[in-house]
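Right, one structure below, let's go through it.
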2 protein chains.
Amino acid sequence: MATIVDVAKRAGVSLSTASDILNGKLKGTAATAGRVRQAVLDLGYRPNLLARRLRTPKSGAIGLVVPFRRPIFSSAVIADYLAGIQAEQERADLNLVLASRRYEKPGEIYGADLFESRSVDGLIVIATRESYGRDVDTDVRGLRALGCPLVWMHFFEGREPVDRVTRAGADAWHEVLEHLAERGHKRVGALTVGIGLKAGGRPNVAHYAKRFESFGMCTKPEWLGAGEAFDGGAFGAAMEILRRPADERPTALVCEGDELAVAALQAALGMSIKVPGELALASVTNTSIGATAAVPITTHGAPGSMLGRMALKRLAELIEDPAQPPREVAVPGQLLVRAST
Amino acid sequence: MATIVDVAKRAGVSLSTASDILNGKLKGTAATAGRVRQAVLDLGYRPNLLARRLRTPKSGAIGLVVPFRRPIFSSAVIADYLAGIQAEQERADLNLVLASRRYEKPGEIYGADLFESRSVDGLIVIATRESYGRDVDTDVRGLRALGCPLVWMHFFEGREPVDRVTRAGADAWHEVLEHLAERGHKRVGALTVGIGLKAGGRPNVAHYAKRFESFGMCTKPEWLGAGEAFDGGAFGAAMEILRRPADERPTALVCEGDELAVAALQAALGMSIKVPGELALASVTNTSIGATAAVPITTHGAPGSMLGRMALKRLAELIEDPAQPPREVAVPGQLLVRAST
DNA sequence: TTGCGAAACCGAAACGTTTCGGCTATTATC
DNA sequence: GATAATAGCCGAAACGTTTCGGTTTCGCAA
């Protein structure tokens, strides 16, 4: 394969001139510049990124750590993040290196191997429920000690300050409930996987109840264990709720994410319950699948792809200037009223 | 960060000795070897892979091309492949570089940029429906011209010979139908996305019908446009089928993949149709989600993760010895009878 | 014509490895 | 105890870039 030396030789210039011209450091005579560019075309020269990166300290790639046990990419939320990251990556001309391992050997730190071997300039960690129980503070400290730029996404249960991209989420429940209250709903159910409002993986039932009461609603929240939601559990839970007699059954259901809402939608349609006529459905976490459901789901918040973009942008900043103090980027959300309410 | 020079200096040996010892090319005296290893620990030395790969012609990474428009990772099939690829990658100690772009600029070849810049040693292309209509032969030829080791997965509509990993799939329909015939089913429906049996994206209805007839079954296949399946379309189609009066409704439903079968399952459960009592369900493409459904789905074929593993293994072979003629690795499948029939 | 600043161009060094050929010390063989 | 074979160790070159510092050339004003 052609190297820059071949190009230079063919163009009749020195190696450094060729390099400078190709990198725009030197304009050069119209004649020389032309010869160099022509030589590139003739020889089909493509710079060897390995060599380039060896010289310039950046690797031009970022690592994506998605600790997983099940095939985690099948989650709509993660897929949305990924879509955003990829879109931004294409713009920024960075490579994306997957490090979706389990990192469960003792002492192993999320993605540290990639950074230490200079394969990547920084990391995006998308911590899923799989990392529950893990002492993520150790990861954060370990990576900081290495000087590894890091942006954390999704669940974080540590105490260490760390750069994160989150949804400005505390208001989602509020705004969705408000919306349902305006529509006159009094009996409202909740379908959640039992995380998000309180650390530890269990829903704070009292907390839910209080929020609902403040809108004059009564509720009976239903939740699923972590993971169940993906295995048809959400569908079953929705069926359970909807099988109640019509005057006990909620007139609206707030779900933690669009995936749950879609499951509930399918349960309702299967039981010939009209949406939104007999059952309104809303989700508090916007996901791409909500928009394309049989009845598009009212939801809240910025799309996950936006969060992905922000994460990559922030990481690029950190790589540029690693000395910045950790900062949480909260992407503001808003209510997206769709057909399901 | 410490380099191998620092290690050598600290251990009091020459650079090349340190390198040889660390790479096992040289055993060395117990004393020297010990000093070198200790120096590595003391300094926290990690080899700079960029430099290593510059010297040795391998990059130690493979590229994963998943042309996508929608967030494609949310497909259970792709997620399964990925899981297998990752499992194998972890074993083989290769990096995985994502190139999930659209590659839709004219003349752009799947993943060629990655290979030309020596970022990867080879490519796995997972062509989804998104690449329909693309002239994939150009991609195959282009990559071959570059000398890029290549393994193709999933849909392939080209003529060029190419290394592929496929399911030994033609028999899946046969075996599943046979199984249902043994169970005494006469009225069997089919739910498919309309590809696989014939190029061009349309199902060959006559072909289906003939197969069914050979088992003494009558059928009325139902199909969905590409993409619809993911947007709740499968669920709707299943509902449509199941709403027919009980003596017209099929007693069994064969679905193209577990995802469709799960959608049908949910539709059935919602309509209080017992599975498998009143409706048997089977899929002809094994996917991880079928096993964990509310009623585990009878399915056929090797799991997608196995295909992923095979693809990576084959690619590793090709990287080792690129001169091999293209070969199709067909992973044999078998019927997996589960609760749904 | 002279002087001067800017631009063009070049050679060499550097990035951190691996590897090749050669030298020396050690061990094995007779 | 002499010689051959082996293992230990080393210096230098190489991988393909970018970049630094320098020299030459050019164009323009005085």
Side-chain angles (χ1 to χ4, degrees), chain A residues 1-37 39-40 43-61 93 95 113-121 146, chain B residues 1-37 39-40 43-61 93 95 113-121 146:
Chain A
M1 272 192 170
T3 74
I4 200 169
V5 186
D6 302 322
V7 170
K9 217 170 275 172
R10 187 180 178 97
V13 298
S14 87
L15 172 165
S16 46
T17 305
S19 172
D20 283 346
I21 286 187
L22 291 179
N23 292 320
K25 303 225 165 204
L26 182 62
K27 216 165 147 273
T29 301
T32 21
R35 282 206 314 282
V36 169
R37 284 183 218 293
V40 167
L43 270 50
Y45 164 74
R46 299 292 307 261
N48 181 329
L49 289 195
L50 264 57
R52 191 211 296 274
R53 288 165 184 170
L54 176 58
R55 184 59 230 256
T56 69
K58 299 263 170 281
S59 86
D93 197 29
N95 273 345
D113 48 341
L114 279 186
F115 184 74
E116 285 190 302
S117 65
R118 279 75 155 187
S119 297
V120 302
D121 296 329
L146 292 171
Chain B
M1 271 192 171
T3 76
I4 201 170
V5 186
D6 302 323
V7 171
K9 216 170 276 173
R10 188 182 178 96
V13 298
S14 86
L15 173 162
S16 48
T17 306
S19 171
D20 284 347
I21 286 187
L22 291 179
N23 292 321
K25 304 228 161 195
L26 182 64
K27 216 165 144 276
T29 302
T32 22
R35 280 206 315 279
V36 169
R37 282 183 220 295
V40 168
L43 271 49
Y45 165 74
R46 298 292 306 263
N48 181 329
L49 289 194
L50 263 58
R52 190 210 299 274
R53 288 164 184 169
L54 175 59
R55 183 58 229 258
T56 70
K58 298 263 171 284
S59 86
D93 198 28
N95 274 344
D113 48 341
L114 278 185
F115 184 74
E116 285 190 303
S117 64
R118 280 75 154 189
S119 297
V120 301
D121 296 329
L146 292 171

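Each chain gets a letter, A, B and so on, in the order the sequences are listed, and its residues count up from 1.
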Residue list, salt bridge (Lys or Arg N to Asp or Glu O under 4.0 Å) with [X], at least two apart or on another chain:
X	value
Asp20(B)	none
Arg52(B)	none
Arg35(B)	none
Arg118(A)	none

Whether over 12 other heavy atoms sit under 6.0 Å from Lys25(A) NZ
no
Using a 6.0 Å cut-off, check whether atom NZ of Lys27(A) has over 12 heavy atoms from anything other than its own residue.
no
To the nearest 10°, give me the bend of the helix from dT1(C)-dA30(D) to dC30(C)-dG1(D), comparing the axes of its five terminal pairs at either end.
40°
Under 4.0 angstrom, heavy atoms only, what part of the nucleic acid is Ser19(A) near: base, sugar-phosphate, or nothing?
base
What's the separation between atom NZ in Lys58(A) and atom CG in Leu49(A), rounded to the nearest 0.5 Å?
15.5 Å
Once you round to the nearest 0.5 Å, how far does CG of Asp113(B) lie from CG of Asn95(A)?
8.0 Å
Would you please name every residue forming a side chain to side chain donor-acceptor pair (under 3.5 Å) with Thr32(B), sequence neighbours left out?
none
For Asn48(A), enumerate each residue passing the side chain to side chain donor-acceptor pair (under 3.5 Å) test, keeping only those at least two apart in sequence or located in another chain.
none
Only one of Leu26(B), Ile4(B), Leu22(B) forms a side-chain contact (heavy atoms from CB on, under 4.5 Å) with Val36(B), so which one is it?
Leu22(B)
Of all pairs that satisfy side-chain hydrogen bond (donor to acceptor under 3.5 Å, both in side chains), the ones with a partner from residues 7-17 of chain A, not counting sequence neighbours
Arg10(A)-Asp42(A), Ser14(A)-Ser16(A), Ser14(A)-Thr17(A)
Under the 3.5 angstrom rule, does the side chain of Ser59(A) hit a backbone N or O of Ala61(A) as a donor-acceptor pair?
yes
Within the side chain of Thr29(A), is there an N or O that forms a donor-acceptor pair under 3.5 Å with the backbone of Ala31(A)?
no
Outermost DNA chain D nucleotides near chain B [under 4.0 Å, heavy atoms]
dG8(D) to dG16(D)
Within the sub-3.5 Å range, which N or O atoms of nucleotides 9-11 of chain C have a protein N or O partner, and how far apart are they?
| unit_1 | atom_1 | unit_2 | atom_2 | d |
| --- | --- | --- | --- | --- |
| dC9(C) | OP1 | Thr29(A) | OG1 | 3.4 |
| dC9(C) | OP1 | Thr32(A) | OG1 | 3.1 |
| dC9(C) | OP2 | Thr29(A) | N | 3.3 |
| dC9(C) | OP2 | Thr32(A) | OG1 | 3.1 |
| dC10(C) | OP2 | Ser14(A) | N | 2.7 |
| dC10(C) | OP2 | Thr17(A) | OG1 | 2.9 |
| dG11(C) | N7 | Ser16(A) | OG | 3.2 |
| dG11(C) | O6 | Ser16(A) | OG | 3.1 |

Residues of residues 49-60 of chain A with any non-hydrogen atom less than 4.0 angstrom from an atom of DNA chain C: list those, numerically ordered, please.
Leu54(A), Arg55(A)
Does anything in residues 114-121 of chain B come within less than 4.0 Å of DNA chain C? Heavy atoms only, and list the residues if so.
none
Shortest non-hydrogen contact from Phe115(B) to Asp121(B)?
CE1-O, 3.6 Å
